Amino acid sequence: MNQDGYDHQSVEQRWQAAWDDDRVYRTPDSVSDPTYVLGMYPYPSGKLHMGHVRNYTITDAYARFRRMQGDNVLHPMGWDAFGLPAENAAKERDTNPRDWTFDCIDTMRGQMESMGFGYDWEREITTCTPEYYKWNQWLFRRLYEEGLVEQRDAEVNWCPDCETVLADEQVEGEAELCWRCDNPVEQRELEQWFLKITEYADELLDDLEALDGWPESVRQMQRNWIGRQYGTELTFDVEGHGPVEAFTTRVDTIYGATFFALAPDHPISQTLAAEDDEIHHFVHHEADPDGDEPNGIKTSLTATNPVTGQEIPVFVADFVLSDVGTGALMGVPGHDTRDHAFASKMGVEIIPVIAPSEDAVPDVSEGAYTDDGVLVNSDSYNGLDSETARDEITADTDVAEKTTQYRLRDWGISRQRYWGTPIPVVRCNDCGPVLVPESELPVELPAFINTTGNPLDAADEWKHTACPECGGDAVRETDTMDTFVDSSWYFLRYVSPDRSDVPFDLDRSNDWMPVDQYVGGIEHAVMHLLYSRFITKVLSDTEGLEHREPFSNLLAQGMVQLDGSKMSKSKGNVVSPQRIIEEYGADTARLFIMQAAQPERAFDWTEEGVRSTYVFLTRLWNLVNSFDPATAAGDDDSVAAYVRAEIDATIAVATEEYDSLTFNIALREAQGLVRTLRQYAEYTDPHAETFEYGLNTVVQLLAPVAPHIAESLHETLGGDGYIVDVAWPTSDADRSFAEKRRRLVQNTREDVRQIIDVAGIDNPKQIDVVVAPEWKYQALEIAVESDAPNVISEIMQIPEIRSQGDAAASYGQDLQAEREALSVGLARTDEYDALEAAAWLIEREFEAPVTVIEAAAAEQSVSKKATPGRPAIDIQE
RNA sequence: GCGAGGGUGGCUGAGCUAGGUCAAAAGCGGCGGGCUUAAGACCCGCUCCCGUAGGGGUCCAUGGGUUCGAAUCCCAUCCCUCGCACCA
């Protein structure tokens, strides 16, 4: 395949070694406020996949771009090294998670290096090392001291396959499958450690508004996840069982409450189940919270509506969930779809209490009316609108109170696994749970024991210890932390990875944080990104960190697909980055991925695309290597001027696009410039300086994405030092001006083609392109500016125009006719220059001499057709 | 059901936040030509319809509306993708 291509292997190996030797990507601690570019660190599975390649190529290219623009850049990498797969792998291979993990890390680091990613490896972090996880334990202690840790029995999601607890966020879909192994999750009651993220629910929600560097979709997902709802909590008195709290967002419908419902696991339901066989049967055998049908059973009890005093029947119903609201609710079938379905099924009364207007009471017998409206059938509240009624009813009712409910739950971090951060707690018979003192951190993991249960439980020697408080016998907490704890603050550790006395250097963090550009997969939209925001806020409140958000700008990169579907091992449609690197080189892989689509979009991997990218790089290589300034003896003529203008335009466009992370457009521009340069060299002997300028520009514009070949070509072109340190090219070109020029040239060429085609001209002898006279530009400008009803009289006030006589009148009529659509384009001289410079393109195409002339020098019959932005064209056969 | 983002020429995909220069960029595919012994690569052009001097017609999911003028703004409908969902 590559016998025809450039030798990517030697090029890439050479520069990787050179960068390494010279520590090119080192960010010294002394730099001030570097641009912090970060890709989500990977779990070290042992193999880089295309998703990683895309993710890290984006950050690498952006980091290199910013560096060439003169910024100090912080671009680190590390390993999310704890986690269950290592345990499973260790069991399968009869080794231990630690060795396996470090092997994987070594392999992946090697692959990253062969991709040419410019990381500061001296800042590498690995979460499974005691040096790192010590600070997870420290964090746990700090949270504990701040009252943000709680231990409680909890119904938890238990994955029988992974033998561990999962956070709500790790349970996926309606079928409730484990996010890692896709097995159904069960419920278990266990003593768990929780981090009280709910204390920050409001701030986590409200601060999303200001995160305008984040995609709306991610912010929306977090909003949904937090799920704040304003409503009213009110007390119903349940006969014989006392007061029961119920939450509602629609207290305005309380006059329509015709039943009361309890979750099957509500304490009252449990009591009733113990006394009543039918209820027992329902609770334990019939209730199906996952089913679509609302099921329930009527009890013999009634509840007192606190507003109306009415007695309503009490049901135990499976659609009432104990972890939503209070696990009890008032049923308003007239105005809630689900309550309506239930009431219809159970034969409960349905009455309308909200109407679109007072004299349009809706028929709710067949369906609920769920909109806000005006109250009816509600005594003294009749006639009030829903919103006012909610306020007044809540205010008037002693046992009602405005409250806010959240969907967000506290973050359960206990995992019954070995390969994680030990929770720094000791259980003493006398003192209860006691925190391990800071001086004794880290609590290190004992040697791995291959067992079916939790290996920490089996590590007797490690498990039995002395109580830090009383010195008595005690046992260690054998649970480890959710690995999302590790990743909730790792971005701070990169700032000062060597500090053994603090988790992060505070002053430097205040200077370097937040991460300016964070890049990763959308799958972390809620979990990782929410936890990181939470921990950052806590550290801000407790440790003096002056930032309350960790990531200013977030890019959720799209998938790399094959034939429209996600690459996955199970489908067997995986393209190995390793193979691509070997066959085509890292630069090709990087360039292909980056030019294929916008980074947030999914795109299809195609072998053909990769090949043509490789061909492109080879062509560029040959173009640069065959260029010899000594033999390029062309003049600095109009063609050179055209090429120069194109170079400058390319710089302007590419810079803008790099800046907004739309690499695909920037790269397309750069590739287009290569084409222009090749055409130039084919057409004529190029002007050495111009051509060299073009080549240098292309190489520099490609350097962030294809750094190895760029270094080589930079060297070939006689550049000093590394291209990573070369200043990003700049130009005075204005993008919109450049685009106007391009459009003018494009339109003119098309016009010539059309004339030749339509007029059936076989063999043009001479092509004249006539630029409109100055007075027409003047007239146009006046017409655009003018508010006068008739432009003709306006422009005729200018003597120069008036002196044109009929021609002026005629053009004035044209202007008047198109009055509203007029706009000023290029100035006459700019138009002339652009056409003059582009004349060679037309000459080359039609093999006829092209002359760009001023109107004054042309035949009247031809020049009269010329208008600003539209030269007259005269073709002689 | 709720929320977010979308529906552009054979395909992919810009433009749509600042309405006119948009028959609508770019790439792919297809067609023709050049180069070549030939193929590939490369280069040039065409690729909605009609047209013997740059013209005309129809067009950007569908149907309305605003405007001198709409792919671009507004409304409604349909469809697609993603997230959440028996959430009180």
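Atoms considered below: every heavy atom in the structure, side chains included; atoms not considered: hydrogens, waters and symmetry mates. Naming convention: chains lettered A, B, ... in sequence-line order (proteins, then strands); numbering from 1 in each chain. Model, not experiment: these values are computed from the prediction.
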Inter-nucleotide [atom1] distance ([N], [M]), Å rounded:
N: B:A14; M: B:A53; atom1: C1'; result: 32 Å
N: B:U67; M: B:C84; atom1: C1'; result: 40 Å
N: B:C46; M: B:A26; atom1: P; result: 10 Å
N: B:G57; M: B:G1; atom1: P; result: 44 Å
N: B:A23; M: B:G56; atom1: P; result: 10 Å
N: B:G6; M: B:A71; atom1: C1'; result: 15 Å
N: B:U58; M: B:A76; atom1: P; result: 29 Å
N: B:C31; M: B:C22; atom1: P; result: 30 Å

Does a salt bridge link A:E845 with A:R753, judged by any charged N lying under 4.0 Å from a carboxylate O?
yes

Looking across every strand, which nucleic acid part, if any, lies under 4.0 Å from [X] by heavy atom: base, sugar-phosphate, or nothing?
X: A:N664; answer: nothing
X: A:G325; answer: base
X: A:D757; answer: nothing
X: A:R619; answer: sugar-phosphate
X: A:I665; answer: nothing
X: A:P215; answer: nothing

Side chains of [X] and [Y]: donor-acceptor distance under 3.5 Å anywhere?
X: A:D202; Y: A:Y406; value: yes
X: A:R219; Y: A:Q222; value: no
X: A:Q754; Y: A:E750; value: no

Less than 4.0 angstrom between a side-chain N/O of [X] and OP1 or OP2 of [N], yes or no?
X: A:R678; N: B:C43; value: yes
X: A:R611; N: B:A41; value: no
X: A:R601; N: B:A14; value: yes

Nearest heavy atoms of A:A649 and A:A733, plus distance in Å:
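Scanning both residues completely, I find the closest heavy atoms to be N-CB, 3.9 Å.
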
Given A:Y642, which of A:Y680, A:W840, A:Y683 fulfils the ring-ring contact (aromatic ring centres under 6.0 Å, His included) condition?
A:W840

Start with the C-alpha gap between A:Y658 and A:F663, add the side-chain angles, then the distance that decides, and say whether ring-ring contact (aromatic ring centres under 6.0 Å, His included) holds.
CA-CA 5 Å; A:Y658 260 107; A:F663 307 100; 5.7 Å; yes

RNA chain B: 5'-proximal contact among A:R749 and A:A602 (nearest heavy atom):
A:A602

Starting at the 5' end of RNA chain B and moving along, which residue's nearest nucleotide shows up first, A:R753 or A:P294?
A:R753

In whole angstrom, give the distance that lies between atom [atom1] of [X] and atom [atom2] of [N].
X: A:R407; N: B:C87; atom1: CZ; atom2: P; answer: 11 Å
X: A:W840; N: B:C44; atom1: CH2; atom2: C1'; answer: 13 Å
X: A:E233; N: B:A88; atom1: CD; atom2: C1'; answer: 12 Å
X: A:Q229; N: B:C87; atom1: CD; atom2: C1'; answer: 6 Å
X: A:K345; N: B:C86; atom1: NZ; atom2: C1'; answer: 12 Å
X: A:L205; N: B:C84; atom1: CG; atom2: P; answer: 17 Å
X: A:F319; N: B:G1; atom1: CZ; atom2: C1'; answer: 16 Å
X: A:N747; N: B:U21; atom1: CG; atom2: P; answer: 11 Å

Mind checking the CD1-CD1 spacing from A:I875 to A:I756? Nearest 0.5 Å is all I need.
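The distance works out to 4.0 Å.
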
Can you tell me how far CD of A:E216 sits from CG of A:L211, rounded to the nearest 0.5 angstrom?
11.0 Å

Any side-chain heavy-atom pair of A:E843 and A:V639 under 4.5 Å:
no

What residue among A:T249, A:T248, A:D372, A:T253 forms side-chain hydrogen bond (donor to acceptor under 3.5 Å, both in side chains) with A:R390?
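Single pass found, and it is A:D372.
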
Determine, using ring centers only, whether A:F259 and A:F342 are less than 6.0 Å apart.
yes

Listing time: all N or O pairs from protein to nucleotides 52-54 of chain B that are below 3.5 Å?
from	atom 1	to	atom 2	distance (Å)
B:U52	O4'	A:V758	O	3.1
B:U52	O2'	A:V758	O	3.2
B:A53	N6	A:I875	O	2.5
B:A53	N1	A:I875	N	3.0
B:G54	O2'	A:D751	OD1	2.8
B:G54	O2'	A:R870	NH2	3.1
B:G54	O6	A:I873	N	3.4
B:G54	N1	A:P871	O	3.2
B:G54	N2	A:D751	OD2	3.0
B:G54	N2	A:P871	O	2.9
B:G54	N3	A:D751	OD2	3.3

Pairing string of RNA chain B (Watson-Crick or G-U wobble, both atom distances under 3.5 Å; | = paired to other strand) is ((((((((.[[[..)....(.....]]]((((((.......))))))(((....)))...[[[[[..)....]]]]])))))))....

Do any N or O atoms from the side chain of A:S626 and from the backbone of A:L623 form a donor-acceptor pair under 3.5 angstrom?
yes

In this structure, are over 12 heavy atoms from other groups packed under 6.0 Å from A:E387 atom CD?
no

Close N or O pairs between protein and nucleotides 25-30 of chain B (under 3.5 Å):
none

Among the nucleotides B:A4, B:C42, B:C87, which one has an atom lying closest to any side-chain atom of A:L321?
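So the side chain of A:L321 is nearest to B:C87.
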
